[in-house]
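This report concerns only the one structure given below.
Below, chain A is the first sequence line, B the second, and so on; all start at residue 1.
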Protein chains: 2
Amino acid sequence: MLSKKTKYAFHALTYLGKHRDQKTVLIQDISEEYGISHKFLENILLELKKAGILGSKKGKGGGYYLIKEPKDVALSKVIRLLDGPIALLPCVSLNYYEPCIECKSEAACGLNKVMIQVRDEMLKVLENKTLADILDKE
Amino acid sequence: MLSKKTKYAFHALTYLGKHRDQKTVLIQDISEEYGISHKFLENILLELKKAGILGSKKGKGGGYYLIKEPKDVALSKVIRLLDGPIALLPCVSLNYYEPCIECKSEAACGLNKVMIQVRDEMLKVLENKTLADILDKE
DNA sequence: TAATTACCCCATCTTTTTTATAGGTTTTAT
DNA sequence: ATAAAACCTATAAAAAAGATGGGGTAATTA
């Protein structure tokens with residue numbers, strides 16, 4: 001399951017996507033809209049900024065804004081950023097690979113093979129669906 | 001990611017599948033093979049038994065054995081049993097549904113729609129692949 | 001200059017989940 | 001009768017997630 005952090009990130013991105021007409025959006029506006037702690041959300045937005053998805057402006061009239069087109073923000077990117085691996089096993093993760101400790105040989109592991117398939121099916125959706133798809137349906 | 005519990009369950013099932021020629025297999029044999037704590041594994045095997053996947057026999061000469069054909073043990077069943085929901089959000093879980101607290105309307109939630117797709121793609125694999133597929137590749 | 005707002009680093013605290021252990025009970029073969 | 005092995009329940013320990021709070025600094029607008 002996705003962590004709250006990731007879910008909050010999606011909420012924030014959706015909110016920012018909906019308010020692209022205004023220059024900036026305050027952290028507080030988003031945190032109030034969804035009942036998320038201001039401080040908790042601050043960290044999430046900061047991570048999204050560092051990842052190049054959001055921009056920000058300090059001072060009065062400042063706030064956050066989408067720096068990318070919604071269609072260019074793949075859901076997989078957001079999940080990996082906040083939650084880490086999408087795969088169900090570390091040994092089949094593309095971005096966070098780690099061998100399974102108790103596994104003698106990956107090549108001879110039947111579970112490994114199936115989980116690669118699951119990963120690929122998940123990625124078919126998560127790599128191709130974007131923030132734009134979410135906004136479309138709201 | 002799958003919990004260790006689930007991963008251990010798959011290891012145990014694989015082991016039992018490989019040793020179907022013998023009447024029973026000791027917990028200890030499996031725990032030693034994969035370096036899993038005996039007691040921890042005990043609970044896992046018990047759950048698999050209660051779910052009707054394994055059978056057991058007490059006393060000397062006792063142990064566990066597969067009660068189902070490997071081809072009849074869907075991977076989804078094992079995951080749900082030990083780990084709970086397969087879906088990435090509670091609001092799209094078929095077996096463990098819960099509404100999202102901060103969500104005003106599920107019908108108007110764009111994330112919900114996409115996560116239904118992800119769930120269905122995952123299930124396409126996990127419902128159709130079975131222990132037999134794992135055993136094939138080992 | 002004053003007010004606003006993001007940025008940053010930290011520390012801590014609670015809650016939940018996961019992982020692991022302990023100790024005793026029941027069944028069964030020999 | 002004894003030993004072997006599963007069965008059962010409870011609890012502890014560890015890790016992760018979620019949340020809060022302080023104390024600022026830096027940039028920007030008015």
Side-chain angles (χ1 to χ4, degrees), chain A residues 1-9 11-12 16 22-32 34-67 79 81-85 88-90 96 100-102, chain B residues 1-9 11-12 16 22-32 34-51 53-67 79 81-85 88-90 96 98 100-102:
Chain A
M1 300 265 268
L2 299 182
S3 67
K4 287 195 177 181
K5 225 170 168 178
T6 301
K7 236 164 56 168
Y8 292 166
H11 286 319
L16 286 163
Q22 48 188 102
K23 275 181 189 156
T24 63
V25 169
L26 297 182
I27 294 180
Q28 189 152 0
D29 292 344
I30 304 174
S31 77
E32 279 173 5
Y34 298 103
I36 308 169
S37 134
H38 180 104
K39 279 287 197 178
F40 199 42
L41 186 57
E42 191 178 296
N43 290 316
I44 295 168
L45 295 179
L46 218 48
E47 286 197 68
L48 290 168
K49 187 195 169 183
K50 282 177 188 161
I53 297 170
L54 299 183
S56 67
K57 201 185 156 197
K58 290 181 183 176
K60 193 167 186 180
Y64 280 95
Y65 50 90
L66 267 176
I67 210 170
I79 295 177
L81 193 64
L82 282 308
D83 248 7
L88 296 185
L89 290 180
Y96 298 85
C100 289
I101 317 154
E102 75 281 7
Chain B
M1 300 266 269
L2 299 182
S3 66
K4 284 196 180 181
K5 223 170 168 180
T6 301
K7 233 163 60 167
Y8 290 167
H11 285 320
L16 286 162
Q22 51 188 99
K23 275 182 189 155
T24 63
V25 169
L26 297 182
I27 294 180
Q28 189 151 1
D29 291 345
I30 304 173
S31 77
E32 279 173 5
Y34 298 102
I36 308 169
S37 133
H38 179 106
K39 281 289 193 176
F40 195 44
L41 186 58
E42 192 178 296
N43 290 316
I44 296 168
L45 295 179
L46 218 47
E47 286 196 68
L48 290 168
K49 186 195 170 182
K50 283 176 186 161
I53 297 169
L54 299 184
S56 67
K57 205 184 154 199
K58 288 183 182 175
K60 193 166 188 180
Y64 281 95
Y65 51 90
L66 267 176
I67 210 170
I79 294 176
L81 192 65
L82 283 309
D83 249 6
L88 296 185
L89 291 179
Y96 297 86
E98 271 181 60
C100 289
I101 317 154
E102 75 282 5

I want to check one thing: is the phosphate of [N], taken as OP1 and OP2, less than 4.0 Å away from some side-chain N or O of [X]?
X        : N       : result
Lys49(B) : dC7(D)  : yes
Tyr64(B) : dC7(D)  : yes
Lys57(A) : dT29(D) : yes
Ser37(A) : dT20(D) : yes
Tyr8(A)  : dA19(D) : yes

Counting only side-chain heavy atoms from C-beta out, which of [options] sits nearest to [X]?
X        : options                  : result
Lys60(A) : dT19(C), dT29(D), dA6(C) : dT29(D)
Lys50(A) : dC8(C), dT28(D), dA19(D) : dC8(C)
Leu46(B) : dC8(D), dG18(D), dT21(C) : dC8(D)
Glu42(A) : dA6(D), dA19(D), dC8(C)  : dC8(C)
Leu26(A) : dA6(C), dT19(C), dA19(D) : dA6(C)

Calculate the interatomic distance between [X] atom [atom1] and [N] atom [atom2]; express it in whole Å.
X        : N       : atom1 : atom2 : value
Phe40(A) : dA19(D) : CZ    : P     : 5 Å
Leu82(B) : dA20(C) : CG    : C1'   : 15 Å
Lys23(A) : dT29(D) : NZ    : P     : 9 Å
Leu41(A) : dG18(D) : CG    : C1'   : 13 Å
Asp29(B) : dA6(D)  : CG    : C1'   : 14 Å
Ile44(A) : dA17(D) : CD1   : C1'   : 12 Å
Leu45(A) : dC8(C)  : CG    : P     : 13 Å
Tyr96(B) : dT17(C) : OH    : P     : 13 Å

Here's a test of your reading of the structure: between Ser56(A) and Asp83(B), which maps to the more 5' nucleotide of DNA chain C? Ser56(A)
Taking the nucleotide of DNA chain C with the nearest heavy atom to each, does Gly62(A) or Asn43(A) sit closer to the 5' end? Gly62(A)
Let me see the working for Ile30(B) and His11(B) under side chain to side chain contact (heavy atoms under 4.5 Å, CB included), right down to the final yes or no. CA-CA 8 Å; Ile30(B) 304 173; His11(B) 285 320; 5.8 Å; no
Select from Lys58(A) and Ile27(B) the residue whose nearest nucleotide in DNA chain D is closer to the 5' end of that strand. Ile27(B)
I need the [X] [atom1] to [Y] [atom2] distance, nearest 0.5 Å.
X        : Y        : atom1 : atom2 : answer
Tyr65(A) : Gln22(A) : OH    : CD    : 13.5 Å
Asp83(B) : Thr6(B)  : CG    : OG1   : 3.0 Å
Ile67(A) : Leu48(A) : CD1   : CG    : 12.0 Å

Would you say that Leu2(B) contacts Tyr8(B) through its side chain, given a criterion of any heavy-atom pair below 4.5 Å between the two side chains?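 Contact flag for Leu2(B)/Tyr8(B) side chains = no.
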Keeping the roles fixed (side chain from Thr24(A), backbone from Gly61(A)), state whether a donor-acceptor pair exists under 3.5 Å. yes
Counting distance alone, no hydrogens or angles: does the base of dG23(D) have a donor or acceptor under 3.5 Å from a partner atom on the side chain of Lys39(A)? yes
